[in-house]
**Student:** 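Submitted below is the structure of interest, expressed as structure tokens.
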2 protein chains.
Amino acid sequence: MKSQTAPSLADVARRAGVSLSTASRALNDAYGVSAATRARVLDSAAALDFVVSPDARRLAIGTTGRVAVVVPHIERWFFGQMVSGIERVLSEADFDILLYHVDDAEDRREFLARLPARRKVDAVVVVAFPVGEAERERLELIGAKIVAAGGQSAAYPYVCIDDFQAGRLALDHLTSLGHRRIAMIAGSDPDQPGWPAIPGRSRAYESALGALGVDVDPALVRDVDWNPVNAAKAMADILDAAGEPPTAVYAHGDELAFGVLHTLRHRGYRVPEDISVVGIDNHPLSELLDLTTVAQDVGGQGAAAARLVLQALGREQDEPGADPGAGVVAPVHLIERASTAPPRT
Amino acid sequence: MKSQTAPSLADVARRAGVSLSTASRALNDAYGVSAATRARVLDSAAALDFVVSPDARRLAIGTTGRVAVVVPHIERWFFGQMVSGIERVLSEADFDILLYHVDDAEDRREFLARLPARRKVDAVVVVAFPVGEAERERLELIGAKIVAAGGQSAAYPYVCIDDFQAGRLALDHLTSLGHRRIAMIAGSDPDQPGWPAIPGRSRAYESALGALGVDVDPALVRDVDWNPVNAAKAMADILDAAGEPPTAVYAHGDELAFGVLHTLRHRGYRVPEDISVVGIDNHPLSELLDLTTVAQDVGGQGAAAARLVLQALGREQDEPGADPGAGVVAPVHLIERASTAPPRT
DNA sequence: CTGAAAGCGCTTACAG
DNA sequence: CTGAAAGCGCTTACAG
């Protein structure tokens, strides 16, 4: 009945001829065990191929050694990068990462409501979505730390970029080139259709046009669910609806821009001669498509978020000047490639 | 000192006025507890916001409720899809997934060597890399099941596609169009430079040409580490090296094909008029780039792998006719788009 | 430096 | 149907 079972501490102790306590100490502390004894225990452990049962240790210790990473769309580039960055530093700090995928707002709420009581993790990092006040309190009540990646919060540490700034970088590039008639393909939150998923990037649009005294023309704006194919359709839509085509297109993300490029090419518009296109992200394929974009280091942000976790867990010496609990905003910068140029007059 | 602590089963039992055993049973079994008692316990648990400590439960139960998913490049599309598929079905079966990222062969070996003794998981699914015989045995010794996704093995269950077939699908399409001078951009394993990461896709090339009595021209073949940018360079290389350019290019993956398309465009070749291009994968961006490709459902393969895990763990009624321990090979199919056409004569 | 004992939070035969 | 008790595999004061 009992399936194969790994050697236990008791086995190690017996083989080394010491007590459980001593074996445990030899394996953990450095103190309180004579060198000779420790050596015997270590040998014994090695011979038996022993490794502590994490569950038992955790039970006794009261800590889990795990952190939950909760992401909406693990199959998308941005999230993959983020998880990759988080995993890298957390695993190095010897934490295991528990991956959870949550789809919509309902999913997220339910997940967060369940997690606290589960005590499965020491911390949770939520990627690109907010945590309600109530959930946050429950998490903190059980001692679980929480940090956000790809979004900010006043209530817990976070790392993100300044989306408004990123947007302005893209738009200022366009306007300084002389563009005035600029279309926008906005990424929209499927939970709240019609609302921008990243408000800052939309505000940048209004603000940039506003600064020029140009009114926003609704015929030039479309919301898209981040699916490139839908972005392609949206662009076609704009071309069909707007009397005069825009001279430039601002996409909230490179993946949306890819769709735009596709439609433009199919409709016979040359980029950038006829229409300029700019995105945000610096997706790995953007270089190949000569897309001008505002770059961000997503993997680096994941790593930074992981460091915030370690900090919150007291596992890292606070860097002097680092205000724990505060957020870090990662830098962004414009990368000019061949998809943007001055408008033809 | 003692940080906030969640309510324990003992609290629930006390509040309900029953013993620990009864509380436990009420929460788990359906049997052996009177309806009234169960109700009291349930109420009590609800009132206290109680949820069992997974670690304690596991310790007592002897099972972890977790499965490890080990991937080489979590930030790449293929792996993201795979993990996504795995997570979907495993989390529904109430398993937690522990994500591990391993880079190179050394990493993998070390990881697998450590895992067995750790007893952190009930099973491990390795994505797109092989597990040595020794490691496999150790894993099985401690009762951890193992299944492969994106690669096959004689020693444990797996799900993959038939890479040779996929390659032939792509190549037969090309040759039936009339192409004879076909270049190949092969994805290569960084651990074994010069070797194809996916041998079947290379064999398909040799086989398809062989069937036509055409010799493989080394000047038309390049190995690339799956980086699209390097694929672009490799294509440039071929164009520079080969006297006469190929009339078609076969890429081991769509991401490589993207690089090819880039170079072709920059060099002034029209696709497909001057040169045809075909890939494998049906990457989400392929549609936008009008790339002809051989499609595979990666997420579906992940889901299938997860089902194999459940099966191995005895958590799923064996479907009649399903041979546990065997592999499943997922179907592939050609998607013709605008990147392929007959060669100009 | 080392050991006996209690405890971490559950589950599960074993007896009522 | 219900409870007392042992056990899961470790850790950690408490005494030597």
Side-chain angles (χ1 to χ4, degrees), chain A residues 1-42 44-45 48-65 116-120 122 142-143, chain B residues 1-42 44-45 48-66 117-120 122 142-143:
Chain A
M1 227 49 208
K2 187 171 223 187
S3 71
Q4 280 287 359
T5 176
S8 74
L9 220 211
D11 299 320
V12 175
R14 192 173 315 123
R15 193 178 207 278
V18 300
S19 72
L20 255 184
S21 338
T22 300
S24 176
R25 273 188 295 257
L27 260 19
N28 297 308
D29 309 326
Y31 304 89
V33 180
S34 73
T37 307
R38 178 178 9 265
R40 281 223 309 295
V41 173
L42 262 28
S44 169
L48 293 174
D49 225 6
F50 169 82
V51 174
V52 295
S53 154
D55 288 321
R57 164 170 245 275
R58 255 87 219 214
L59 220 209
I61 278 305
T63 199
T64 73
R118 289 193 180 283
R119 291 169 281 172
K120 285 180 176 176
D122 296 334
I142 63 160
Chain B
M1 226 51 207
K2 185 171 220 185
S3 73
Q4 280 287 358
T5 177
S8 74
L9 219 211
D11 298 321
V12 175
R14 192 173 315 124
R15 193 177 207 278
V18 300
S19 71
L20 256 183
S21 341
T22 300
S24 176
R25 274 189 295 258
L27 259 20
N28 297 308
D29 309 325
Y31 304 90
V33 180
S34 74
T37 305
R38 173 167 23 257
R40 278 222 311 294
V41 173
L42 261 28
S44 168
L48 292 174
D49 225 7
F50 170 82
V51 174
V52 296
S53 154
D55 287 321
R57 163 170 245 276
R58 254 88 218 214
L59 220 208
I61 277 306
T63 200
T64 73
R66 295 174 222 120
R118 290 195 178 283
R119 291 169 281 173
K120 285 179 176 175
D122 296 334
I142 63 159

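Chain letters run A, B, ... following the sequence lines, proteins first and then strands; every chain starts at 1.
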**Student:** To the nearest Å, give me how far apart CG (Leu20(B)) and C1' (dT2(D)) are.
**Tutor:** 12 Å
**Student:** Rounding to an integer number of Å, can you tell me how far Arg38(B) CZ sits from dC1(D) C1'?
**Tutor:**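 Spelled out: CZ on Arg38(B) to C1' on dC1(D) is 11 Å.
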**Student:** May I ask you to verify if any side-chain N or O of Ser53(B) is less than 4.0 angstrom from the OP1 or OP2 atom of dC10(C)?
**Tutor:** no
**Student:** Does Ser21(B) place a side-chain N or O at less than 4.0 Å from the phosphate oxygens OP1/OP2 of dT2(D)?
**Tutor:**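 Checking dT2(D) against Ser21(B), no side-chain N or O comes under 4.0 Å of OP1 or OP2.
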**Student:** Rounded to the nearest Å, what distance is computed from the CG atom of residue Leu27(B) to the C1' atom of nucleotide dT2(D)?
**Tutor:**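 After rounding, the reported distance stands at 15 Å.
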**Student:** Determine: side-chain N/O of Ser19(A) to OP1/OP2 of dG3(C), distance under 4.0 Å, yes or no.
**Tutor:** yes
**Student:** Searching all strands shown, indicate the nucleotide that pairs with dA13(C) (Watson-Crick or G-U wobble; both distances under 3.5 Å).
**Tutor:** none
**Student:** By nearest nucleotide on DNA chain C, pick out whichever of Val18(A) and Arg57(B) is the more 5' one.
**Tutor:**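 So the residue in question is Val18(A).
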**Student:** Starting at CZ of Arg14(B) and ending at P of dG3(D), how long is that distance when rounded to a whole Å?
**Tutor:**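 Distance, rounded to whole Å: 14 Å.
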**Student:** Is there side-chain contact between Val52(A) and Leu9(A), with at least one heavy-atom pair below 4.5 Å?
**Tutor:**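 No; the side chains remain at least 4.5 Å from each other.
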**Student:** If you compare all heavy atoms of Ser44(B) against all heavy atoms of Arg15(B), which two are closest, and at what distance to 0.1 Å?
**Tutor:**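 Here Ser44(B) and Arg15(B) meet closest at OG-CB, 3.3 Å.
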**Student:** I would like to know whether Arg14(A) and Asp11(A) meet salt bridge (Lys or Arg N to Asp or Glu O under 4.0 Å); could you show each step before the answer?
**Tutor:** CA-CA 5 Å; Arg14(A) 192 173 315 123; Asp11(A) 299 320; 3.2 Å; yes
**Student:** Using only side-chain N and O atoms of Thr37(A), determine if any of them is under 4.0 Å from OP1 or OP2 of dT2(C).
**Tutor:**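 Answer is yes, contact under 4.0 Å.
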**Student:** Can you identify which nucleotide, out of dC14(D), dG9(D), dT11(C), has its nearest atom closest to the Arg25(A) side chain?
**Tutor:**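 Looking only at heavy atoms from C-beta outward on Arg25(A), the closest nucleotide is dC14(D).
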**Student:** Given atom CG of Leu59(B) and atom P of dG7(D), what is their separation to the nearest angstrom?
**Tutor:** 14 Å
**Student:** Separation of Leu9(A) atom CG from dG3(C) atom C1', in whole Å?
**Tutor:** 14 Å
**Student:** Take Ala35(B) and Ala56(A), find for each the nucleotide of DNA chain D with the closest heavy atom, and name the residue whose nucleotide sits nearer the 5' end.
**Tutor:**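 On the 5' side of the pair lies Ala35(B).
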**Student:** Reckon Ser34(B) touches a base, only the sugar-phosphate, or nothing at all at heavy-atom distances under 4.0 Å?
**Tutor:**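 The residue Ser34(B) makes sugar-phosphate contact but no base contact.
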**Student:** Checking the side chain of Asp55(A) only, and the main-chain atoms of Leu59(B) only, is there a donor and an acceptor separated by less than 3.5 Å?
**Tutor:** no
**Student:** Watson-Crick or G-U wobble partner for dA4(D), using a 3.5 Å limit on both distances?
**Tutor:**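 Paired with no nucleotide.
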**Student:** May I ask you to verify whether the side chain of Arg58(A) and the base of dG9(D) hold a donor-acceptor pair under 3.5 Å?
**Tutor:** no
**Student:** Could you work out which one of dT11(C), dT12(D), dG9(C) sits closest to the side chain of Ser8(B)?
**Tutor:**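 In terms of side-chain proximity for Ser8(B), the closest of dT11(C), dT12(D), dG9(C) is dG9(C).
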**Student:** Starting from P on dG7(D), measure out to CG on Asp55(B) and report it in whole angstrom.
**Tutor:** 22 Å
**Student:** Among dC10(C), dC8(D), dC10(D), which nucleotide sits nearest the side chain of Phe50(A)?
**Tutor:** dC10(D)
**Student:** Could you tell me whether the side chain of Arg25(B) reaches within less than 4.5 Å of the side chain of Ser21(B), counting heavy atoms only?
**Tutor:**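 A side-chain contact under 4.5 Å exists here.
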**Student:** Take Ile61(B) and Gly17(B), find for each the nucleotide of DNA chain D with the closest heavy atom, and name the residue whose nucleotide sits nearer the 5' end.
**Tutor:**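 With Ile61(B) and Gly17(B) compared, the 5'-side residue is Gly17(B).
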**Student:** What is the minimum heavy-atom distance between Val41(A) and Val12(A), and which atoms define it?
**Tutor:**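 Closest pair (atom of Val41(A), atom of Val12(A), distance): O-CG1, 3.8 Å.
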